[in-house]
Amino acid sequence: MRWSELQPTPEIVQALEHAGLSRPEDGDQNQKRAWSKAFADGCAVAVAAQLRRSRLTGKTIRPAKLGEGTEPLTPLGAGTKKRIDVTVADPVLGLEIGVSLKGMNFRDPTNENFDKNLTGRLYELGDEVRMVHEHLPHCFMVGILFFPLESTTDKTPSSFAHAVVKLRERTGRLDAALMGHAAKCDASYVALYTLGTEPGYARGINRFFNVENAPPRRGLPQVALTLTLEEMVDQVVSMATFEHSITWSDPEQE
């Protein structure tokens, strides 16, 4: 299947509608920030809804709807609050899975690239993940960066490729006990989405690219290397519950 043949993801279409019918390309920073926040809120609801449809049971998963948000996280001894976009909590064990969403939705007016403030966003992500891991070392933290489809062709290497490489450097803890790895995500993805203004693409197409894969220097990643929202959540749940590391052998024949 090719990108032009993909169907829109209904939950991402709803997130775009919540943000606004058109992206304020010529707006000021406040308008762009407001659009990005509204889009991120919609995406958080989409991810949380898919987590509720997964095989997780007996968990409190937030946000449940637009406008609800999540409770500010205050680990004991942290002395500060941090709001994680999507949370999966157990009534006894507390936070088990956290998902932090960041968006790079607008071109820089000077160079027309999408990754101008990538370093700043990664520092924000690392700070959130570090605070959680220092106090809840076994919590599975996921980082997701959202980029519009145009980010795959804005330069060479593209902003999309640059984000994959840099986010990969901040992903993968060897051991939960290693404090030097506290700022690293346990899994990370760069998510691409369409606005419907790109010739040949429907509005709301969305795929997730695991940063452990190799991106093209320029251009769209192969569809086969990307995941749907459902597939991404299924992969996260498998990793968080260690299902991905279990293999089975055939029994001895009687």
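- For Thr194 and Arg207, the side-chain atoms include no donor-acceptor pair closer than 3.5 Å.
- Put simply, the side chain of Glu134 never gets that close to the backbone of Met131: no donor and acceptor are under 3.5 Å apart.
- Residues Cys43 and Ile12 come closest through the heavy atom pair SG-CD1, 4.2 Å.
- You'll find the side chain of Ser4 stays beyond 4.5 Å of the side chain of Glu198, heavy atoms only.
- Applying the ring pair (Phe, Tyr, Trp, His ring centres under 6.0 Å) definition to pairs two or more places apart or across chains, those involving residues 160-193 are Phe39-Tyr193, Phe160-Phe209.
- Among residues at least two apart or in separate chains, there is no ring pair (Phe, Tyr, Trp, His ring centres under 6.0 Å) pair with a member in residues 110-131.
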Go through Lys102 and Asp85 one step at a time and tell me if the salt bridge (charged side-chain N to carboxylate O under 4.0 Å, His left out) criterion holds. CA-CA 9 Å; Lys102 306 293 180 187; Asp85 296 298; 5.5 Å; no
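- For Tyr201, the ring pair (Phe, Tyr, Trp, His ring centres under 6.0 Å) criterion is met by no residue, not counting sequence neighbours.
- At least one side-chain heavy atom of Arg107 sits less than 4.5 Å from a side-chain heavy atom of Asp154.
- Between Lys59 and Ile97 there is no side-chain heavy-atom pair separated by less than 4.5 Å.
- Hydrophobic clustering of Ile, Leu, Val, Met, Phe, Trp and Tyr side chains at less than 4.5 Å, counting indirect connections, unites Leu56 with Val233.
- Pairs engaging residues 7-21 under the side-chain hydrogen bond (donor to acceptor under 3.5 Å, both in side chains) rule: Glu11-Arg53 [sequence neighbours left out].
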Walk me through it: do Val142 and Val47 pass the test side-chain contact (heavy atoms from CB on, under 4.5 Å)? CA-CA 11 Å; Val142 183; Val47 173; over 6 Å; no
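- Under the salt bridge (charged side-chain N to carboxylate O under 4.0 Å, His left out) criterion, Lys32 pairs with no residue, sequence neighbours left out.
- In the model, Asn113 has no side-chain atom that pairs as donor or acceptor with a side-chain atom of Ser159 under 3.5 Å.
- Scored by the ring pair (Phe, Tyr, Trp, His ring centres under 6.0 Å) test, Trp3 finds no partners at all (sequence neighbours excluded).
- Between Asp115 and Lys155, at least one side-chain nitrogen of the basic residue sits less than 4.0 Å from a carboxylate oxygen of the acidic one, meeting the salt-bridge criterion.
- How far CG of Leu51 is from CG of Asp234: 10.5 Å, rounded to the nearest 0.5 Å.
- By the 6.0 Å contact criterion, CG on Asp26 is open, its count of non-hydrogen atoms from other residues, nucleotides or ligands being 12 or less.
- When every heavy atom of Val13 is checked against every heavy atom of Gly204, the shortest pair comes out as CG2-CA, 3.8 Å.
- Among all heavy-atom pairs drawn from Cys139 and His133, the shortest one is O-NE2, 3.0 Å.
- Without hydrogens or angle criteria, Arg130 side chain to Ala182 main chain gives no donor-acceptor distance under 3.5 Å.
- Following chains of ILVMFWY side-chain contacts shorter than 4.5 Å, one cannot reach Leu174 starting from Met239, and the two form parts of different hydrophobic clusters.
- In this structure, the side chain of Arg168 does not engage the main chain of Asn210 through any donor-acceptor pair within 3.5 Å.
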Residues Leu220, Arg2; criterion side-chain contact (heavy atoms from CB on, under 4.5 Å); working and verdict: CA-CA 10 Å; Leu220 293 168; Arg2 303 174 65 86; over 6 Å; no
